[in-house]
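See below for the structure under consideration.
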Number of protein chains: 2
Amino acid sequence: MAVGKKTARTQEERSAETLARIRQATIEVLYKKGFSRTSTVEIAAVAGLSRGAMTHHFSSKEDILIDAIASMLDEVNEKLFAFAEEFARRGGSTDEIVDYIWQFMSDRLFYVTMEYLPETRHNADFKARLVPVVKRFHAGLDAIWSALARQKGAPEDHTRLVMNTTMCVVRGMIAQTILRDDQGYYAQMLTFWKSEVRRLFPSPDKPASEPQLNVTSANGALS
Amino acid sequence: MAVGKKTARTQEERSAETLARIRQATIEVLYKKGFSRTSTVEIAAVAGLSRGAMTHHFSSKEDILIDAIASMLDEVNEKLFAFAEEFARRGGSTDEIVDYIWQFMSDRLFYVTMEYLPETRHNADFKARLVPVVKRFHAGLDAIWSALARQKGAPEDHTRLVMNTTMCVVRGMIAQTILRDDQGYYAQMLTFWKSEVRRLFPSPDKPASEPQLNVTSANGALS
DNA sequence: ATAAACAAACCGACTTGACTGTTCGTAAAA
DNA sequence: TTTTACGAACAGTCAAGTCGGTTTGTTTAT
C-alpha cells in the first residue's frame with residue numbers, strides 16, 4: 001500500500017495542504033460557476049477530497065467561503081505591499097499603477113468579488129465576518145497610495161482620493177465587461193484615465209501647466 | 001368600457017395588471033433578497049397571487065427575471081430620454097448630470113444589476129436575452145451624452161468617453177458602498193469627480209485654464 | 001524500539017428542507 | 001361553450017448538514 005504513496009506527512013502539513021486545496025478550489029468554483037452555483041459538492045470535487053473531509057475542517061459552507069475569500073484578499077494584499085515597496089524604490093509612473101490596478105482587478109479578483117458582494121447585502125453575518133478582511137485589503141491599497149504620494153511629493157489625502165477614484169473606475173469598467181464586450185472601449189477609457197491621473201500628479205521637473213506636454217507625453221509614454 | 005375598479009376587467013387588463021405586479025415584485029425581491037434568494041414562491045407572494053398563476057404567464061423562472069429586468073431598464077430608459085430632452089432645453093450643468101446619474105444608479109438600479117450581473121457570466125442563454133435589453137439602455141444614455149455634447153459644443157466622442165467614465169466611477173462607488181459604509185468618502189469622491197467633469201467641459205464663454213485633451217487621437221493604436 | 005492507545009484526517013450514506021416545473025381543477029371573461 | 005386567468009397539490013431535484021465508520025498519523029507504555 002505504500003507504493004507511490006507520498007512520504008509521510010505530518011498531521012499539520014496534511015491539514016495545511018488540504019485547507020489550501022479547499023481555499024483554492026472554492027475561489028475557482030466561485031469564479032467559474034458563480035455564487036449560486038457554488039456547492040460544497042463541487043468544491044470538494046475540485047479540491048479532490050470528500051465532502052465529509054471538508055466538514056471536518058469547516059462546520060459550514062459559509063465558513064469555507066469566508067476563509068477562502070479572506071485568504072484570497074490577503075494574498076493579493078501581500079502582492080500589493082510588495083509592489084508598493086518595489087514601486088517606491090524604483091520610482092514608477094502613474095500609468096504603471098493604473099495598469100497594475102486594472103491587471104490584478106481583472107485577473108479574477110473583482111469578478112470573484114462581484115460573486116460574493118451581493119450576498120453581503122443580504123447576509124449580515126457574512127458581511128460582519130468580511131468587513132475586517134476588506135479593511136485589511138484597503139490598508140494594502142493605502143500603502144501603495146502613500147508610496148505614490150511620497151514619490152510624487154503630493155499630499156496624501158489628494159493621492160488617496162485620486163487613487164480610490166481610480167479603483168472605482170476600474171471596478172465599474174470590469175462590471176461592464178460582463179455584458180459589454182468591446183475591447184476598444186475599455187482600452188480607450190483606460191488610456192483616458194491614465195492621462196487624467198498623469199495630469200493630477202504633475203511631475204516636479206515637468207510642470208503640467210502646459211497641457212500640450214501632457215498630450216505629447218501621453219502619446220510617447222512608456223507602457 | 002370597464003372603468004370600474006376590480007369589477008369587470010377585461011382579460012387583457014387583468015393580464016396586464018398581473019404582469020405588472022409580477023414584474024414589480026420580481027425587482028423588489030431581487031433587490032431585497034438577492035438573486036440566490038429570489039424564488040418564484042416569494043415573487044408570487046409579494047405579487048399577491050399564486051405560483052400557479054405565474055406559470056400561466058411565464059413558463060420559467062428565467063422568463064420572469066428577463067421580463068422584469070427588461071421592464072426595469074426600459075422604464076429607466078424612458079426617464080433618461082425625458083431627462084435628456086428637458087436638460088437640453090433648459091441647459092443644465094455637468095454637475096447636475098453627475099448627480100442625476102448617481103441618483104438613479106443608487107436608487108436600486110445598480111444594486112439590482114449587481115444581483116443578476118454575475119448570473120450572466122454563467123448562463124449563456126440568460127446573457128443572450130439580456131444583451132439587447134442592455135443595448136437599448138446604453139442608447140438611452142447616449143441620448144443624454146449627445147444632448148450634453150450639443151449644449152457644451154464638445155465633440156460627441158469626447159463627451160461619450162467622459163460620461164461613460166462617469167458611469168464607471170459611479171458603478172464602482174456603488175459596488176463599494178456594500179462593504180464600505182462611509183458617507184463622507186463617497187460625497188468627497190463625487191465632489192471631486194464633478195470638478196473633473198466640469199474641467200473637461202469648459203464653458204464656451206469662460207474658457208478653462210487647461211484646454212481639453214485630445215483623447216480620441218491618443219488611443220488610436222490600442223487593441 | 002515497538003505495539004497499543006489515542007487523536008486527527010477523511011469518507012460515504014442518510015435526513016431534511018427548499019425550490020422548480022408540472023398537472024390537475026376552478027372561476028371569470030369572451 | 002370555449003378560452004383565458006388563476007389556484008392547489010404533486011413530483012423530481014439538489015444542496016447542506018449530520019453521523020457512524022475507516023484510515024492515517026502521533027503519543028505513550030512496555
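Letters A, B, ... are given to chains in the order of the sequence lines, protein chains preceding strands, and every chain is numbered from 1.
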Legend entry - Over all atoms of both residues, closest heavy-atom pair of A:His122 and B:Lys32: ND1-O, 3.0 Å
Legend entry - Donor on one side chain, acceptor on other, A:Arg51 and A:Thr40, under 3.5 Å: yes
Legend entry - Modelled atom types, side-chain donor and acceptor of B:Gln176 and B:Tyr186, under 3.5 Å: no
Inset, instruction - Classify the ring geometry between B:Phe104 and B:Phe137 as parallel (under 30°), tilted (30 to 60°) or perpendicular (over 60°). - result: perpendicular
Inset, instruction - Check the angle between the aromatic planes of A:Trp193 and B:Trp193 and answer parallel, tilted or perpendicular using the 30° and 60° thresholds. - result: tilted
Inset, instruction - Apply the test side chain to side chain contact (heavy atoms under 4.5 Å, CB included) to residues A:Trp145 and A:Glu156: give CA-CA distance (whole Å), side-chain angles for both, the deciding distance (0.1 Å), then the verdict. - result: CA-CA 7 Å; A:Trp145 308 163; A:Glu156 290 231 353; over 6 Å; no
What integer distance in Å separates [X]:[atom1] from [N]:[atom2]?
| X | N | atom1 | atom2 | result |
| --- | --- | --- | --- | --- |
| B:Leu19 | D:dT4 | CG | P | 14 Å |
| A:Ile64 | D:dG17 | CD1 | C1' | 11 Å |
| A:Ile43 | D:dA15 | CD1 | C1' | 12 Å |
| B:Met54 | D:dA8 | CE | P | 14 Å |

Inset, instruction - Using a 4.0 Å cut-off on protein heavy atoms (strictly under), produce a 5'-to-3' string for nucleotides 8-21 of chain C with B for base contact, S for backbone-only sugar-phosphate contact, and - for none. - result: SBBBB------SBB
